[in-house]
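Throughout, protein chains are lettered first and strands after them, A, B, ... in sequence-line order, and every chain is numbered starting at 1. This is a predicted model, so every value here is computed, not measured.
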There are 2 protein chains.
Amino acid sequence: MLSKKTKYGLKALTYIARKGDNEPVQIGEIAKNEHIPQKFLESILLTLRKSGFLGSRKGKHGGYYLIKKPEDILMTDVMRILEGPIALVPCVSLNFYEPCNDCPDEATCSVNRLMIQVRDSTLNVFRNTTLADLSVK
Amino acid sequence: MLSKKTKYGLKALTYIARKGDNEPVQIGEIAKNEHIPQKFLESILLTLRKSGFLGSRKGKHGGYYLIKKPEDILMTDVMRILEGPIALVPCVSLNFYEPCNDCPDEATCSVNRLMIQVRDSTLNVFRNTTLADLSVK
DNA sequence: TGTAATCTCTATTAAATCGATAGGGTTAAT
DNA sequence: ATTAACCCTATCGATTTAATAGAGATTACA
């Protein structure tokens, strides 16, 4: 299941991208229009800023803005920051690999085999989707 | 993240399928060989039996056996029983659809759009994989 | 210069879920 | 009758998730 954090984060990024100009967008405006609890959204946008997707301006008329062009923001990167590993089990994760302690041999493990396929098909979607694709109205 | 329940369930099904004959396989044997807590595995196999994947024989020399041929057991069906909906959000689920209460218009929702693609690519894997595929050594 | 608006940061909490365990009850082979 | 196995319900501890609280720091602007 997709976490609310990821869902809200994607919606916020889309909202900002759709505005088009480079003016900062305020948390309150996003929260109101996308029906997201404002305090929760605050922490999510903070994460996205610290990860290099968003810039911010403090104080009056402050807000968040995109640092890169929407076409250059890949879903692989966004998803890894918001949701964590794309693989459903650590033993098939490209970026967060960990062996299973209960599995003596990955080569013959049926779960491993299946989850590699799921990982690859999901990666294929995320690698071919940018924020620009999400932002088409 | 894949739940342990699903992971253990898939491993158990594979174990039974790999044995080949139609003799009942005991919980204890599977638990030992696959390093699964026996009591936990009991409840999982019970679920799989009630869902029509496994049959059981009670009493001495009892155990679980496949009801259908491995080639006829699709991952779509197994995953829905063990893990639940394949879609990551209810608003793109084919079998468990529910609208988002915070989303006024699915047609323009970026999360909806992305998650439909992920669902379809994952479904494509599960629809084309059977227990027989998992059981190849 | 002061005030209001806005992002920043840490801490906390309530609820839900997950993984595992406990402890019998029921059934069938021998 | 005994034993080995599945059947069933209940519970528990740990973790994660979603949300909230509240104070701090910064900026625009009158």
Side-chain angles (χ1 to χ4, degrees), chain A residues 1-12 15-16 23-32 34-67 81-85 88-90 100-102 111, chain B residues 1-12 15-16 23-32 34-67 81-85 88-90 100-102 111:
Chain A
M1 184 68 75
L2 198 74
S3 67
K4 298 265 186 170
K5 179 181 175 186
T6 302
K7 182 182 173 188
Y8 293 160
L10 288 173
K11 283 187 151 199
Y15 187 92
I16 296 172
E23 282 305 294
V25 186
Q26 291 146 24
I27 297 175
E29 177 184 339
I30 304 172
K32 186 181 156 204
E34 296 292 342
H35 309 99
I36 302 171
Q38 176 152 349
K39 281 300 223 175
F40 194 10
L41 184 57
E42 279 185 21
S43 68
I44 296 167
L45 294 183
L46 213 46
T47 301
L48 289 171
R49 197 213 60 188
K50 289 178 178 171
S51 315
F53 296 103
L54 295 174
S56 68
R57 186 194 296 167
K58 291 185 195 170
K60 204 168 188 175
H61 299 175
Y64 287 96
Y65 51 89
L66 292 178
I67 284 187
I81 291 297
L82 291 175
E83 190 73 7
L88 292 179
V89 282
C100 298
N101 38 17
D102 60 305
V111 176
Chain B
M1 184 69 77
L2 197 73
S3 68
K4 298 266 186 169
K5 180 181 174 186
T6 302
K7 182 181 172 188
Y8 294 160
L10 288 173
K11 283 187 151 199
Y15 186 92
I16 296 172
E23 282 305 292
V25 185
Q26 290 149 25
I27 297 175
E29 178 185 338
I30 304 173
K32 186 182 156 202
E34 297 291 342
H35 309 97
I36 303 171
Q38 177 151 349
K39 280 302 226 175
F40 194 9
L41 183 57
E42 276 187 28
S43 68
I44 296 168
L45 294 183
L46 214 46
T47 301
L48 289 171
R49 196 212 60 186
K50 288 177 178 170
S51 315
F53 295 104
L54 295 174
S56 69
R57 187 194 295 169
K58 290 185 197 170
K60 204 167 189 176
H61 300 174
Y64 287 96
Y65 51 89
L66 292 178
I67 284 187
I81 291 297
L82 291 174
E83 191 73 8
L88 292 179
V89 282
C100 298
N101 38 17
D102 59 305
V111 176

- request: Spell out protein contact along nucleotides 16-26 of chain D as letters: B when the base is contacted, S when just the sugar-phosphate is, - when no protein heavy atom is under 4.0 Å; keep the 5' to 3' order.
  value: --SSBBBB--B
Reported [atom1]-to-[atom2] distance for the pair [X] and [Y], which is rounded to 0.5 angstrom:
X	Y	atom1	atom2	result
A:K5	A:T47	NZ	OG1	4.5 Å
A:I30	A:L41	CD1	CG	5.5 Å
A:L2	A:K7	CG	NZ	8.5 Å

Please work out if [X] contacts a base, only the sugar-phosphate, or nothing of the nucleic acid, heavy-atom cut-off 4.0 Å.
X	result
B:L45	nothing
B:K7	nothing
B:G28	nothing

Atom pair distance, as rounded to whole Å: [atom1] in [X] and [atom2] in [N]:
X	N	atom1	atom2	answer
B:H61	D:dA4	NE2	P	10 Å
B:L46	D:dC8	CG	C1'	7 Å
B:I30	D:dA5	CD1	C1'	13 Å

Please report the shortest heavy-atom distance between [X] and [Y], naming the atom on each side.
X	Y	answer
A:L10	A:L82	N-CD1, 4.2 Å
B:I27	B:E42	CD1-CG, 3.4 Å
B:G62	B:Q26	O-CG, 3.2 Å

query: What residues, two or more places apart in sequence or in another chain, satisfy salt bridge (charged side-chain N to carboxylate O under 4.0 Å, His left out) together with B:E23?
result: none
- prompt: Is there a side-chain contact between B:L48 and B:L45, using heavy atoms and a 4.5 Å cut-off?
  reply: yes
task: Could you tell me from which nucleotide to which nucleotide of DNA chain C, 5' to 3', there is an atom under 4.0 Å from chain B heavy atoms?
output: C:dG19 to C:dT30
query: Any side-chain N or O of B:S56 under 4.0 Å from OP1/OP2 of D:dA5?
result: no
